Amino acid sequence: MPTYYPPGGFHFKVEFVGVDGADSDTEQRFQEVSGLNFEIETEELKEGGENRFTYKLPKRAKYPNLVLKRGLLQGTALLDWCKSAMNTWFTVVIYDFKPADIIVTLLDEADKPAAIWNVVQAYPVSWKTSDFRAQDNSIVIETLEMAYQYFERKM
C-alpha cells in the first residue's frame with residue numbers, strides 16, 4: 001500500500017516568462033515565495049422578516065501581491081525589468097514594458113514538479129533591500145513585490 005508524503009516547501013523554482021535574460025539558473029532561485037492565495041469577496045443581503053441570519057453572496061476573487069525574496073544579486077535581468085517598469089510608469093519617456101507570467105514550481109525529492117502555479121500578467125510594484133546593520137552577520141535580501149491578475153494551479 002503506497003504511503004503519501006506531502007512535499008516539503010523548501011525546494012522550488014520561480015520562472016519569469018517573457019523577461020529577457022531571466023531564464024538563467026541564478027535568476028530562478030529565491031529563498032521565499034508568498035502570496036499564492038485568494039479570497040472570495042462577499043456581499044451581505046438582509047431579507048426583511050428574517051432576523052436569524054444574513055445571506056452572504058459571492059462576488060469576485062481577490063488576490064494579494066506576490067512577494068519574492070532572495071539574496072541581493074548584481075546586474076540581474078529582473079532588476080532591469082523592474083527599472084523598465086518604473087521608467088514606463090513614472091516618467092514621460094515611453095518604454096516597451098510588458099508584464100510577465102511567472103511560473104512557480106514546487107519540486108519533489110527527485111526534482112520533478114509536485115505542483116505548478118501560473119501567475120498571470122505580473123508586474124513589479126515594489127523592490128526593496130533589507131536593512132544594513134553592522135552588528136548583524138546576515139546577507140542582504142532583496143524583496144520583489146508583484147501585482148498580478150490571477151493565478152492557476154496546474155498540478
Side-chain angles (χ1 to χ4, degrees), residues 1-45 55-90 95-133 136-155:
M1 179 163 146
T3 304
Y4 173 74
Y5 295 104
F10 56 85
H11 190 43
F12 59 91
K13 69 178 178 177
V14 179
E15 300 171 80
F16 285 76
V17 179
V19 177
D20 292 334
D23 54 352
S24 71
D25 185 50
T26 307
E27 296 282 354
Q28 298 176 359
R29 303 282 178 174
F30 288 87
Q31 72 179 33
E32 186 176 327
V33 174
S34 61
L36 287 174
N37 56 299
F38 68 91
E39 196 175 293
I40 303 292
E41 295 177 343
T42 60
E43 179 178 346
E44 289 192 4
L45 177 66
Y55 293 100
K56 288 188 178 183
L57 305 174
K59 289 172 67 174
R60 324 192 135 108
K62 185 168 76 171
Y63 298 89
N65 288 342
L66 183 69
V67 180
L68 307 171
K69 294 183 180 184
R70 69 179 180 184
L72 182 68
L73 298 175
Q74 294 179 342
T76 70
L78 292 182
L79 184 55
D80 293 341
W81 180 67
C82 290
K83 287 179 184 176
S84 174
M86 181 181 68
N87 289 334
T88 299
W89 291 320
F90 300 119
Y95 292 91
D96 281 334
F97 175 78
K98 293 183 177 133
D101 287 355
I102 300 173
I103 300 172
V104 179
T105 306
L106 182 65
L107 302 168
D108 63 12
E109 63 276 355
D111 285 340
K112 302 289 186 216
I116 299 172
W117 291 265
N118 184 23
V119 179
V120 178
Q121 295 289 302
Y123 57 91
V125 294
S126 174
W127 178 86
K128 57 188 164 193
T129 61
S130 59
D131 296 336
F132 306 142
R133 295 188 186 109
D136 288 350
N137 185 16
S138 60
I139 62 172
V140 177
I141 302 297
E142 68 179 344
T143 303
L144 298 164
E145 191 169 338
M146 310 281 175
Y148 61 95
Q149 304 303 316
Y150 63 96
F151 71 83
E152 297 174 325
R153 183 169 168 196
K154 299 292 184 182
M155 294 179 63

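Keep in mind the model is a prediction, meaning the values are calculated, not measured.
- Proximity of D101 to Q121: side-chain heavy atoms (C-beta onward) are separated by under 4.5 Å at one or more points.
- Proximity of E15 to N118: side-chain heavy atoms (C-beta onward) are nowhere separated by under 4.5 Å.
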**Request:** Assess whether side chain to side chain contact (heavy atoms under 4.5 Å, CB included) is satisfied between F16 and L68, documenting all intermediate values.
**Result:** CA-CA 12 Å; F16 285 76; L68 307 171; 3.6 Å; yes
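- Using bins of under 30°, 30° to 60° and over 60° for the plane-to-plane angle, the ring pair F151/Y63 lands in the perpendicular bin.
- Note that CG of L79 and CG of L72 are 8.5 Å apart. Values are rounded to the nearest 0.5 Å.
- With a 4.5 Å cut-off on side-chain heavy atoms, T42 and L57 do not count as touching.
- Considering only heavy atoms from C-beta on, R60 stays 4.5 Å or farther from I40 through its side chain.
- W127 and E142 form a side-chain donor-acceptor contact under 3.5 Å, judged by distance and modelled atom types alone.
- For the pair L106/H11, no side-chain contact is recorded, criterion being any heavy-atom separation below 4.5 Å from C-beta on.
- Minimum heavy-atom separation, G35 to P64: O-CG, 3.7 Å.
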*Let me see the working for V33 and L66 under side chain to side chain contact (heavy atoms under 4.5 Å, CB included), right down to the final yes or no.*
CA-CA 7 Å; V33 174; L66 183 69; 3.9 Å; yes
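- To the nearest 0.5 Å, the span separating CD1 on I141 from NZ on K128 amounts to 13.0 Å.
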Audit row: I103, V119, side chain to side chain contact (heavy atoms under 4.5 Å, CB included) steps and yes/no: CA-CA 6 Å; I103 300 172; V119 179; over 6 Å; no
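- Judged purely by atom type and a 3.5 angstrom limit, D136 has no side-chain atom pairing as donor or acceptor with the backbone of S138.
- Looking only at side-chain heavy atoms (C-beta outward), M146 and I102 come within less than 4.5 Å of each other.
- The side-chain heavy atoms of Y148 and Y123, taken from C-beta on, include no pair separated by under 4.5 Å.
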Exercise for review: Evaluate the criterion side chain to side chain contact (heavy atoms under 4.5 Å, CB included) for residue pair L144 and L78; output intermediate values, then yes/no.
Suggested key: CA-CA 9 Å; L144 298 164; L78 292 182; 4.2 Å; yes
**Asked** Do K69 and E145 pass the salt bridge (Lys or Arg N to Asp or Glu O under 4.0 Å) test, and can you show the C-alpha distance, the side-chain angles, and the key distance before you say yes or no?
**Response** CA-CA 9 Å; K69 294 183 180 184; E145 191 169 338; over 6 Å; no
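- Within a 6.0 Å sphere centred on CG of D20, other residues, nucleotides and ligands contribute 12 heavy atoms or fewer.
- Side-chain contact between V14 and Q28 is absent, with no heavy atoms from C-beta onward closer than 4.5 Å.
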